[in-house]
Structure formats: C-alpha cells, structure tokens
Amino acid sequence: METASELAVRLTKASRKKLWDVYNFFEWPEALDANAWYMPPELISLYGTPAWDALTEEQRKRLSLYELGNFFSLVLQGERPLVAGLVDRLYAKGNSTSVNEYLHHFVDEENKHMVMFGEFCNRYVGKVYPEKKIILPREYAKGEEEVAFYCKVMVVEELGDFYNLAIEKDERCDPLVREVNKVHHIDEARHLAFGRVQLAELFNKFAPGWSAETLAGFRQWLGDYLRASWGDYYNPTMYRDAGLADSYELRQMAMSHPVCAEFRKRASSKVVNYFIKTGLLAEEPAL
C-alpha cells in the first residue's frame with residue numbers, strides 16, 4: 001500500500017500542474033439572477049418536510065442562495081483551523097521532505113478556497129456566517145490530538161465534497177456556482193486522498209497504545225463531532241435571511257424530521273464507512 005510520503009510526491013506534482021490564480025480565475029457579476037437555483041432543491045435542508053411544501057418556488061430559490069452562502073461559510077470556517085493546524089505541522093519532527101512539500105500546497109489551496117468562498121458570500125449574501133462551534137479544553141492520550149485533527153479535516157472535506165459534486169453536476173444551478181464547486185472539488189480530491197492515508201497511518205501508529213476507555217471516548221467524541229457538524233447546516237440565521245419566519249422552530253423541525261435524517265445518513269456514508277473500515281468508529285453513529 002502506498003504510504004503518505006509516497007502519495008505526497010504524486011500529489012505535489014498534481015498541485016503544481018493545476019496551479020491557479022484565485023484573484024483572476026472567476027468573473028464575479030454585479031448581481032445574481034433571482035430566478036436561478038443556487039443549490040439543487042434536494043440538498044436544501046428543508047427539502048421533504050411540510051415547511052418545504054408550503055414554500056413558493058420563488059421562496060425556495062431565494063432559500064437556495066442563503067443555503068449556499070451558509071454552506072460556503074461552513075467550509076470556509078472549517079478551513080480556517082485546518083490551515084492553522086497544517087501550518088503547525090509543517091516541518092514537524094518525523095515529517096518526510098515530500099510530506100512537507102505537499103503541506104505547503106495543501107495550505108496554499110485551502111487559503112485560495114477561503115478567498116473564493118469569502119468573495120462569493122460577501123458579494124451576494126452580504127456576509128460570511130460566523131463559526132458556532134465551541135472548543136472545550138481536554139486532555140489527550142499520546143497521538144490522540146493528532147488523530148482528532150485529521151478526523152476533523154475528513155469530516156469538513158468529505159461532507160463538503162458531497163455538496164460540491166452534486167452542485168457541480170446539476171444544470172439547474174447557476175453557472176458561476178457550479179464552477180466554484182467544481183474548482184473546489186478538484187483541489188479537495190487531492191486533499192482527501194492525502195488525508196485518508198495520513199489519518200490511517202496515524203491511527204494505526206497511536207491507537208494500539210490507547211486504553212479501551214480512551215478508544216471508546218474517542219469514538220464517542222467522533223460521533224458527536226459529526227452530529228454537531230450536521231447541526232451547522234440547519235442555521236436559523238440563514239432561514240431568517242431568506243425571509244422565513246420562526247427560524248429556530250424550522251431548525252428543530254428539520255433536524256428531527258426522518259427525511260432529513262435519512263439525507264444526512266446518505267450524505268455521510270462515505271466518511272462514516274471510511275471511519276468504520278479504519279477502526280476509528282466501531283459502528284455507524286445516529287445522525
């Protein structure tokens with residue numbers, strides 16, 4: 001099996017071949033078409049619920065823009081600590097030269113994504129939705145913090161990639177939005193390939209030294225983190241900005257609706273299957 005160091009050589013070559021200029025790549029129109037879809041209806045958080053059935057097509061399309069703004073904001077806010085963590089790991093003890101070289105590209109590409117998402121959100125949604133996760137201090141077993149860091153990377157990027165691919169391919173969606181998602185997916189495919197190998201190597205290195213209690217606690221944390229990440233997709237401020245009343249009640253209804261739960265399960269299947277296959281999770285968490 002290819003190691004992370006071996007894989008990093010190939011990924012660095014690919015990143016250098018696909019270098020792009022975030023400041024000149026897109027043509028940003030002054031305004032967006034109010035009659036366009038910005039996210040496929042099936043991805044919108046209220047889809048399949050009575051609240052969705054009650055909306056007019058105009059309301060649904062307006063909501064699709066704010067859902068997209070929230071999605072781009074979630075990815076941007078997830079990439080901020082990712083970049084900080086990757087910079088902390090540059091030239092860390094034990095890194096191979098090839099891994100350090102690839103981490104430079106990883107950081108560069110994530111920074112471009114934040115510029116891209118920030119530009120879209122500020123231009124067309126009027127803001128970047130703020131981060132809502134609260135990080136509580138805790139003690140880690142040896143290697144546990146490192147494994148947790150790459151698990152967070154995988155959750156942010158795998159869920160994001162599910163949306164990127166669906167939006168990129170959907171001809172109902174605005175062309176600019178499809179292009180932004182396509183560009184992000186191309187870079188993320190390399191990041192995900194590296195993350196899967198790197199995380200598996202770290203888990204296999206450190207987990208055998210963890211107690212059964214530590215491993216059980218880690219798995220509990222990972223399931224909770226995945227659930228909390230999905231909670232951010234049901235943002236009451238997003239509903240309010242789209243002109244919908246009772247935004248907190250809408251969030252609670254959608255989070256508990258079985259159609260939405262089935263969607264979260266389907267959208268998470270790739271990352272959950274990876275976590276189970278590597279032993280990071282023992283079973284599928286309730287989402």
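What's counted below: heavy atoms across the whole structure, side chains too, no hydrogens, waters or symmetry copies.
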In one Ile/Leu/Val/Met/Phe/Trp/Tyr side-chain cluster, 4.5 Å: Met154, Tyr140
no

Side-chain (Glu119) to main-chain (Met116) donor-acceptor, under 3.5 angstrom:
no

Quiz question: by atom type and distance under 3.5 Å, do the side chains of Asn111 and Asp108 form a donor-acceptor pair?
no

What do the steps show when you test Glu2 against Arg10 for salt bridge (Lys or Arg N to Asp or Glu O under 4.0 Å), and what is the final call?
CA-CA 11 Å; Glu2 192 173 35; Arg10 284 199 297 115; 2.9 Å; yes

Passes side chain to side chain contact (heavy atoms under 4.5 Å, CB included), His184 versus Val180? Steps please.
CA-CA 6 Å; His184 192 238; Val180 169; 5.6 Å; no

What's the spacing between Lys169 NZ and Asn164 CG if we round to 0.5 Å?
11.0 Å

Checking salt bridge (Lys or Arg N to Asp or Glu O under 4.0 Å) for the pair Arg196/Glu158: CA distance, chi angles, key distance, verdict?
CA-CA 10 Å; Arg196 290 186 195 108; Glu158 286 283 17; 3.0 Å; yes

Whether Arg89 engages the ring of Phe149 as a cation-pi pair (distance to the six-membered ring centre under 6.0 angstrom, angle to the ring normal within 45°) should be assessed.
yes

Regarding His113 and Glu110, do their side chains bring together a donor and an acceptor under 3.5 Å, going by distance alone?
yes

Check the pair Lys112 / Glu79 against salt bridge (Lys or Arg N to Asp or Glu O under 4.0 Å), numbers first and verdict last.
CA-CA 10 Å; Lys112 288 174 181 170; Glu79 288 177 337; over 6 Å; no

Taking Ser269 for the side chain and Arg266 for the main chain, is one N or O donor matched with an acceptor at less than 3.5 Å?
yes

Under 4.5 Å between side-chain heavy atoms, counting indirect links through other Ile/Leu/Val/Met/Phe/Trp/Tyr residues: same cluster for Ile186 and Leu176 or not?
no

Straight-line distance of Leu74 CG to Leu159 CG, nearest 0.5 Å
9.5 Å

Check ion pair Asp241-Lys127 (N to O, under 4.0 angstrom):
yes

Can you find a pair of side-chain heavy atoms, one from Tyr102 and one from Val9, that are under 4.5 Å apart?
no

Would a hydrophobic clustering, with Ile, Leu, Val, Met, Phe, Trp and Tyr connected at side-chain separations under 4.5 Å, put Val125 with Trp28?
yes

For Lys61, enumerate each residue passing the salt bridge (charged side-chain N to carboxylate O under 4.0 Å, His left out) test, keeping only those at least two apart in sequence or located in another chain.
Glu57

So, the side chain of Glu201 versus the backbone of Ala4: is there a donor-acceptor pair under 3.5 Å, distance only?
yes

So does Trp37 get a backbone contact from the side chain of Ser64, meaning a donor-acceptor N/O pair under 3.5 Å?
no

Would you say Thr3 and Ser5 are linked by a side-chain donor-acceptor pair, where the criterion is simply a distance under 3.5 Å?
no

Hydrophobic cluster membership, Val272 vs Trp221, 4.5 Å side-chain cutoff
yes

Electrostatic pair Arg172-Glu42, nearest N-O below 4.0 angstrom:
yes

Donor-acceptor check, side chain of Asn100 to backbone of Tyr91, threshold 3.5 angstrom: yes or no?
yes

Gap separating the CG atom of Asp187 from the CG atom of Leu11, nearest 0.5 angstrom
11.5 Å

Determine, stepwise, if the pair Tyr233 / Tyr163 fulfils ring-ring contact (aromatic ring centres under 6.0 Å, His included).
CA-CA 11 Å; Tyr233 282 76; Tyr163 280 78; 5.1 Å; yes

Show every donor-acceptor pair shorter than 3.5 Å between a side-chain atom in residues 247-262 and any protein atom, with sequence neighbours excluded, or say none if there are none.
residue, atom, partner, partner atom, Å
Arg251, NE, Tyr234, O, 2.8
Arg251, NH2, Gly231, O, 3.0
Ser256, OG, Gln252, O, 2.9
Ser256, OG, Met253, O, 3.2
His257, ND1, Val259, N, 3.1

Interatomic distance, CG@Leu68 vs CG@Leu43, rounded to 0.5 Å, equals 10.0 Å

Which pair of non-hydrogen atoms, one from Ala200 and one from Tyr274, has the smallest distance, and what is that distance?
N-OH, 3.5 Å

Atom of Ile167, atom of Tyr38 and distance for their closest heavy-atom approach
CG2-O, 4.3 Å

With no hydrogens and no angle check, just 3.5 Å: does a side-chain donor-acceptor pair link Tyr66 and Thr237?
no

So CG of Asn235 and CZ of Arg240: to nearest 0.5 Å the spacing works out to 8.5 Å

Between Arg80 and Gln77, does any side-chain donor sit less than 3.5 Å from a side-chain acceptor?
yes

Is Arg60 salt-bridged to Glu67, cutoff N-O under 4.0 Å?
no

Answer yes or no: does atom CD of Glu58 have more than 12 heavy-atom neighbours from other residues, nucleotides or ligands under 6.0 Å?
no

Arg227 side chain to Leu287 main-chain N or O, any donor-acceptor pair under 3.5 Å?
no

With a cut-off of under 6.0 Å to the ring centre and 45° to the axis, is Lys142 in cation-pi contact with Trp210?
no

Tell me, with the steps shown, if Leu165 and Asn181 meet side chain to side chain contact (heavy atoms under 4.5 Å, CB included).
CA-CA 7 Å; Leu165 279 170; Asn181 281 275; over 6 Å; no

Taking every heavy atom of Trp230 against every heavy atom of Ser268, the minimum-distance pair comes out as NE1-OG, 2.7 Å

Taking atom types as modelled, find out whether Ser15 and Thr12 have a side-chain donor-acceptor pair closer than 3.5 angstrom.
no

Looking only at heavy atoms, what is the nearest atom pair of Tyr225 and Lys152, with distance?
CZ-CG, 3.6 Å

Do Asp174 side-chain atoms and Met39 backbone N/O form a donor-acceptor pair below 3.5 Å?
no

Salt bridge or not for Arg219 and Glu283, using N-O below 4.0 Å?
no

Taking all non-hydrogen atoms of both residues, which atom of Ala193 and which atom of Leu7 are closest, and how far apart?
O-CD2, 3.4 Å

Would you compute the distance between atom CZ of Phe71 and atom CG of Leu76 and round it to the nearest 0.5 angstrom?
11.5 Å

Check the angle between the aromatic planes of Phe194 and Phe106 and answer parallel, tilted or perpendicular using the 30° and 60° thresholds.
perpendicular

Is there a chain of hydrophobic side chains (I, L, V, M, F, W, Y, each step under 4.5 Å between heavy atoms) that links Leu215 to Tyr150?
yes

Provide the closest heavy-atom pair for Asp232 versus Asn70 in the form atom of the first, atom of the second, distance.
O-ND2, 3.1 Å

Are Glu188 and His185 linked by a side-chain donor-acceptor pair shorter than 3.5 Å?
no

